[in-house]
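The first residue of the sequence shown is numbered 1, and numbering continues consecutively from there.
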Amino acid sequence: MITSKRKVPNILITGTPGVGKSKMSELLAERTGFTWLDVSKLAVENGCVESYDEDYRCSVINEDQLLDLMEPMMSEGGKIVDYHGAEFFPERWFDVVFVLRTNNTILYDRLVARGYSGKKLEDNIDCEIFQVILEEAKESYSSEIVHELQSDVPEQTMNNVDRICQWIEQWKKDNQ
């Protein structure tokens, strides 16, 4: 068991774009009172961007700047970090990592609805097919804190929020 000096845990919600990280993070923040950190938004709002990728039509984050910005936030606990990657965050920041997964057909439809096309669409579908984010999380964090959650339909999202809330309650009991 991982122990922490924090009174409440930090949670990483990760997965391929379109799997439902932001919706689940928002619902979880409402339920728990934890602070939801949308990493992409945080990076843009705080000037932690080093360039713009024309192929993917997205900002390229300056990871060192971002980590320096987030370090003091993470020390107090009670953070839900929402990002499509896991490998560059320090392991000490998180007490649990949830990797959301989605059926490829459902994911394809979600990404097309967002305006994804061409290389960006193909690469994100491939990322999900080959479990890239799940493997990244397993390589970056202790295996006992990484959990895979299915996120195809709203009922699963609600069940996942319930499951994470139960996990938080158990964490609090174990770390008093």
Could you list all the salt bridge (charged side-chain N to carboxylate O under 4.0 Å, His left out) pairs where at least one residue sits in residues 124-133, not counting sequence neighbours? Arg101-Glu128
Minimum-distance pair of heavy atoms, taken over all atoms of Pro9 and Phe34: O-CE2, 3.4 Å
Going only through I, L, V, M, F, W and Y residues with side-chain contacts under 4.5 Å, is there a path from Val112 to Leu107? yes
From Thr14 atom OG1 to Leu100 atom CG, the distance as rounded to the nearest 0.5 Å: 8.0 Å
Single-linkage hydrophobic cluster Phe88~Leu37, side-chain heavy atoms < 4.5 angstrom: yes
To the closest 0.5 Å, what do you measure between NZ (Lys79) and OG (Ser75)? 7.5 Å
Within this structure, what is the CD1-CH2 distance for the pair Ile145 and Trp171, rounded to the nearest 0.5 Å? 12.0 Å
Ring centres of Tyr116 and Tyr56 under 6.0 Å apart? no
side-chain contact (heavy atoms from CB on, under 4.5 Å) partners for Val49, two or more places apart: Val44, Ser59
Considering all heavy atoms of both residues, which atom of Phe98 and which atom of Val96 are nearest to each other, and what is their separation? CE1-CG1, 3.5 Å
Would you say Tyr83 and Val60 are hydrophobically clustered, going by side-chain heavy atoms of ILVMFWY under 4.5 Å? no
Can any side-chain N or O of Glu136 pair as donor or acceptor with the backbone N or O of Ala86 at less than 3.5 Å? yes
Would Trp36 and Leu28 count as a side chain to side chain contact (heavy atoms under 4.5 Å, CB included) if you check the C-alpha gap in whole Å, the side-chain angles of each, and the deciding distance to 0.1 Å? CA-CA 8 Å; Trp36 168 29; Leu28 191 57; over 6 Å; no
hydrophobic_cluster_shared for Leu67 and Met73, side chain cutoff 4.5 Å: yes
Could you give the distance from CD1 (Ile13) to CD (Glu26), rounded to the nearest 0.5 Å? 13.0 Å
Any donor-acceptor pair under 3.5 Å linking the side chain of Asn10 with the backbone of Asp95? no
Heavy atoms of Ile11 and Phe94 approach each other most closely as C-CD2, 3.7 Å
For the atom pair CG (Asp38) and CG (Asp82), what is the distance rounded to the nearest 0.5 Å? 5.0 Å
So, Asp174 and Gln170: side-chain donor and acceptor under 3.5 Å apart, yes or no? yes
Backbone N or O of Asp152 within a donor-acceptor pair of the Thr102 side chain at under 3.5 Å? no
Identify the heavy atoms of Gly47 and Gln65 that sit nearest to each other, and give their distance. O-OE1, 3.3 Å
So how far is it from Met158 CE to Arg31 CZ, rounded to the nearest 0.5 Å? 6.5 Å
Which pairs, with at least one residue in residues 55-75 and sequence neighbours excluded, count as a salt bridge (charged side-chain N to carboxylate O under 4.0 Å, His left out)? Glu71-Arg92
